[in-house]
Colleague: 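Below is the structure I would like to discuss, written out as C-alpha cells.
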Amino acid sequence: MKPILEIQHLTKEFMIGGEQEKYLALRDILSNPLKKLKQPSKKQFRALDDVNFTVMPGESIGIIGRNGAGKSTLLKILSHITPPTSGRIICRGRTASLLEVGTGFHQELTGRENIYMNGSILGMRKAEIDKHFDAIVDFSGVEEFLDTPLKRYSSGMQLRLAFAVAAHLEPEVLIIDEVLAVGDSEFQKKCLGKMNEVSKSGRTVLFVSHHMGTIAQLCRKVLVLDKGKVLDFTNNAMAGIERYIKLNKSNATYINEQAPDNQITSVKKVTLSNAKNEFSSEFTNKDDIVFDLELSFDRKTLPANSSLFFSVLNQFKMPVFSDEKEITSEKMRLRILPDFLVQGSYSIVVIIHLLPSHEYFRVEDICSFNIIDTDSNLMFYNTFNYNYGNVFGKIQWEEI
Amino acid sequence: MIEYIIEKQNKFSLGLKELIRYRELFYFFTWRDIKVKYKQAALGFLWAVLQPLIMMLVFTLIFSKGLGVKSEGIPYPIFALSGLIIWNIFSSGLLNSANSMVTNANIIKKIYFPRLIIPMSSVLASLFDFCFALLIYIVVIIFYHYDTNWLKVLYCLPLSILLTVMTTFGIGTFFAAFNVKYRDFQYVIPFLVQFLLFANPVLYSSKIFTNGFFYWIMKLNPIANAINLSRSAFTGGDADWNGVGLAFTVAIVIFFVGIYTFRKTEAYFADLA
C-alpha cells in the first residue's frame with residue numbers, strides 16, 4: 001500500500017526584518033529615502049528545516065511541539081495555503097483542513113446560508129451539503145435558529161455550528177489545528193467523540209494540539225517538532241509525549257527572580273528534598289518527597305485567611321491531587337508520603353489566594369521530579385508504558 | 001487515484017482546470033457578496049435601482065440643464081444612462097475586486113481554493129446590480145417614447161458588457177494583487193475611479209474629439225468603446241466597429257496581464273495579507 005502522504009526535505013523560510021514587512025506603503029519609502037540606502041538586515045527565519053516523514057492511509061498522527069516549533073506552518077503547507085521554500089509533499093488523497101473553526105462564516109448571513117458557505121469553502125459540493133444538511137443541523141443543535149443571522153448567535157452556538165459542518169467533511173486526509181482549544185467541556189467531549197469516530201472509520205488524521213491528554217487518546221503515532229526539525233516520529237505516543245515534555249524541563253529548584261515589592265505576596269523559593277534532607281529530583285516510591293516553600297509577604301497587606309494552594313501535575317500536565325493550607329508563616333513545608341504517587345514524571349503548581357476568587361500569586365509547572373517504582377505490585381506495568389493512573393489506590397481487598 | 005505534489009511552483013499556469021473544479025464556489029461567493037450588500041437594508045435590492053436613477057437625475061440637472069452639455073440631439077437622461085449602466089459595472093467591479101483580497105484576508109490564510117475566485121465574484125456581483133439598472137433604463141426609454149432598435153441592443157449590449165467585464169476584471173485582479181503587498185492602492189483606486197468617470201464619455205459625447213491625443217485615447221480605451229457601443233445600440237447611430245475591434249484587443253491584453261500578475265504573486269498572499 002502506498003503512503004498517502006510523503007513529506008520530503010520540506011523547508012520553509014521567512015524573511016524577517018527589512019523589506020518584507022507588512023503594510024509596506026509608498027508613503028514610507030518616499031518619506032524616508034535613507035532607509036532604502038542602508039541595506040536592511042534581512043534575516044532568514046527557518047520555520048521548517050528539512051522535515052521528512054511518511055503517513056500511511058488510516059493512521060492518526062499527533063503533531064506536538066513547543067510554540068514556534070513549526071507545527072502550524074507544516075499544516076499550512078499541507079493545506080496549500082503557503083508554498084514551501086524547498087522540498088515537496090506527495091499527496092495521494094483529498095485533503096481537508098480545519099485550521100480555524102468557522103472559516104468563511106459571515107455574520108450577516110443566516111445559519112442555513114452559512115452552512116452552505118462554510119461547507120463550500122471547505123470543499124464540499126452543494127449536493128454533499130444537501131445530503132448532510134440534516135445531520136449537520138442535528139449535531140449543532142441550532143435548529144430553531146437556522147434562519148436567524150449569525151450575528152444573533154452566541155459564540156458557543158457559532159462554534160457548534162462551525163464544527164458541525166467541519167465534522168461532516170469526507171476527505172481522505174483530515175488536518176486539524178488546535179481547534180478544540182475553545183468551547184466548553186460539553187462541546188469538547190462531542191468533538192473528541194466525533195474525531196474518534198473519524199479516525200476509526202479509516203480516515204487519515206493529522207492533529208496538532210498542546211493538550212497531551214487528547215493526543216494520547218486519539219493518536220496512534222506522534223510527530224515531535226522542535227525549532228523546525230523533526231525530533232521524533234514514533235509509534236509510541238507516550239514516549240513521544242515524554243520527549244516533548246523533556247524539552248520543557250524545569251529545574252528542581254524554583255527561584256522567583258521578580259522583585260517582591262510590587263507584589264502583595266509571592267513565593268520566593270521552592271526546593272525539593274528527600275527524607276534525609278538532601279536536595280533531589282529523583283525519588284523512589286519509598287521516599288518522602290519534601291517541598292520547602294519560602295514565601296514573602298507583608299503581614300499588614302496580606303488578608304487574613306489567605307492560603308497556599310498546592311497541586312501536583314502528572315506527565316500530561318493534569319492535576320493529580322491538590323491541597324490547601326492557611327498561610328501562617330514565611331516558611332512552609334509539605335511532605336508527600338511514600339507509596340502514593342506511581343512511577344512517572346511530575347511537577348507542581350503553587351497558588352496563593354484568598355478563596356479562589358482572589359489570586360495573588362501563581363506559578364505553574366515548576367520543580368519537576370521523577371518517581372521510580374522499586375517494589376510495588378504494579379511495578380511491571382511500567383515496562384509496557386501502560387497508563388494505569390497516577391496514584392496507588394487507597395483501597396483494601398476483602399474476602400466475602 | 002489522485003496524486004498531486006505540493007512544491008514550490010516555478011512555471012506559470014492559468015489554473016483553468018482547478019477553477020472548473022471549484023466552480024460551485026464562484027456561485028457561493030457571488031451570492032454571498034450580493035446578499036451581504038443588501039442585507040438589513042430596508043429597501044434591499046431597490047438600491048441597485050435607485051443609485052443609477054439618482055445619478056442620472058443629478059447629472060441631467062447639472063450637465064444638461066446647468067452646463068448645457070450637448071448630447072447629440074438625444075434626450076440627456078437617455079444619453080447619460082446608456083453610459084452610466086456600463087460605467088457602474090466598471091466602477092463598482094473595480095472598487096470591489098481591488099479590495100477583495102484584503103477584505104477576505106482571513107479566509108485566504110486558513111483555507112485553500114483558487115484565489116482568482118475572489119476578485120471574479122466581485123465583478124460578477126456588480127453585474128447583478130447592472131440587471132436592475134438596465135430595467136430602470138428600459139422604463140425610462142419607454143417613458144420618453146424613445147424609438148430604440150431593440151434588435152440592435154440584443155447583439156450590441158452583450159458585446160459591450162463583455163468588453164467591460166474583461167477590462168474590469170483585468171484591472172481589478174491586477175490591483176487586487178498589488179493591494180495585498182502595497183496598501184496604498186485602496187486609497188488610489190477610489191480617486192482613480194472618480195477621475196475616470198470624467199475621462200470617459202459617460203456624461204458627454206466622445207464625438208467632440210475629432211483628432212489628436214484625446215481622439216486616440218477614446219479610440220483605444222475599452223471602456224469608452226463599450227459605452228459608445230451601448231449608446232449607439234440604445235439611441236441609434238452608427239457603432240464604431242473599428243474602435244470596438246481595437247478595444248477588444250486592448251481588453252484582452254489587460255485581461256491577461258491582470259491574471260498573469262495575480263497568478264504569479266498568488267502563492268504568497270497568505271504570507272503577506
Side-chain angles (χ1 to χ4, degrees), chain A residues 2 6-8 10 14 20-29 76-110 113-114 116-127 129 149 151 172 177, chain B residues 1-10 15 18 21-41 102-115 117-118 121 178-188 265-273:
Chain A
K2 275 196 172 172
E6 279 181 71
I7 289 92
Q8 301 172 342
L10 200 67
F14 289 104
Q20 279 232 300
E21 260 168 25
K22 286 196 209 174
Y23 304 145
L24 188 62
L26 290 171
R27 172 195 63 198
D28 289 329
I29 299 177
K76 280 196 177 161
I77 298 182
L78 272 164
S79 314
H80 224 319
I81 290 173
T82 184
T85 312
S86 66
R88 64 192 199 152
I89 303 180
I90 303 179
C91 303
R92 295 194 180 88
R94 194 160 77 125
T95 65
S97 298
L98 259 184
L99 301 188
E100 181 190 65
V101 203
T103 315
F105 263 21
H106 201 288
Q107 299 292 310
E108 295 288 341
L109 301 176
T110 66
E113 290 164 350
N114 270 304
Y116 279 93
M117 189 73 223
N118 194 205
S120 186
I121 283 191
L122 286 173
M124 295 207 260
R125 297 242 173 280
K126 184 165 186 293
I129 307 177
K151 58 184 183 181
E172 275 100 55
D177 188 1
Chain B
M1 175 64 155
I2 323 171
E3 175 170 324
Y4 62 94
I5 301 185
I6 299 177
E7 63 185 339
K8 185 169 186 168
Q9 287 289 26
N10 282 315
E18 232 188 2
R21 192 151 59 97
Y22 277 88
R23 63 188 177 284
E24 281 193 2
L25 207 55
F26 263 112
Y27 164 73
F28 277 113
F29 264 110
T30 312
W31 169 78
R32 181 192 75 163
D33 284 346
I34 295 171
K35 269 223 148 187
V36 169
K37 203 164 164 188
Y38 296 112
K39 272 264 173 168
Q40 268 210 310
V102 176
T103 332
N104 286 296
N106 59 329
I107 308 183
I108 306 172
K109 289 210 267 211
K110 296 290 180 180
I111 204 127
Y112 180 72
F113 54 87
R115 307 317 191 193
I117 294 183
I118 293 184
S121 310
F178 271 89
N179 206 18
V180 177
K181 190 166 183 192
Y182 300 106
R183 294 299 162 87
D184 307 71
F185 286 92
Q186 67 190 359
Y187 304 118
V188 166
T265 53
E266 186 179 359
Y268 298 94
F269 285 167
D271 295 339
L272 292 172

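Below, read A as the first sequence line, B as the second, and so on, with proteins coming before strands; counting in each chain starts at 1.
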Colleague: A:Leu78 versus chain B, heavy atoms under 4.5 Å apart: side chain, backbone, both or neither?
Modeller: backbone
Colleague: Name the member of B:Tyr27, B:Phe29, B:Phe113 that forms the most heavy-atom pairs with chain A at distances under 4.5 Å.
Modeller: B:Phe29
Colleague: To the closest 0.5 Å, what do you measure between CD1 (B:Ile108) and OG1 (A:Thr82)?
Modeller: 12.5 Å
Colleague: For A:Glu113, is it the side chain, the backbone, both, or neither that has a heavy atom closer than 4.5 Å to a heavy atom of chain B?
Modeller: both
Colleague: Rounded to the nearest 0.5 Å, what separates atom CZ in B:Arg32 from atom CE in A:Met117?
Modeller: 4.5 Å
Colleague: For the CD1 atom of B:Ile6 and the CG atom of A:Leu10, what is their distance to the nearest 0.5 Å?
Modeller: 9.0 Å
Colleague: Just so I understand: if I count every heavy-atom pair under 4.5 Å between each of A:Cys91, A:Ser120, A:Gly104 and chain B, which residue has the most?
Modeller: A:Cys91
Colleague: Between CD1 of A:Ile81 and NZ of B:Lys109, what distance do you get to the nearest 0.5 Å?
Modeller: 10.5 Å
Colleague: Taking ring-ring contact (aromatic ring centres under 6.0 Å, His included) as the test, write out the residues that go with A:His80, two or more places apart.
Modeller: B:Tyr112
Colleague: Please look at B:Arg115 and chain A and tell me whether the side chain, the backbone, both or neither of the residue comes under 4.5 angstrom of a heavy atom of that chain.
Modeller: side chain
Colleague: To the nearest 0.5 angstrom, please state how far the CD atom of A:Gln8 sits from the CD1 atom of B:Ile5.
Modeller: 8.0 Å
Colleague: When heavy-atom pairs shorter than 4.5 Å are enumerated against chain B, which of A:Leu109, A:Ile121, A:Ile90 gives the highest number?
Modeller: A:Ile121
Colleague: With sequence neighbours excluded, tell me which residues meet ring-ring contact (aromatic ring centres under 6.0 Å, His included) with A:Tyr116.
Modeller: A:Phe133
Colleague: What's the separation between atom CZ in A:Arg125 and atom CG in B:Leu25, rounded to the nearest 0.5 Å?
Modeller: 10.0 Å
Colleague: Non-hydrogen atoms of chain A under 4.5 Å away: do they reach the side chain of B:Tyr22, the backbone, both or neither?
Modeller: neither
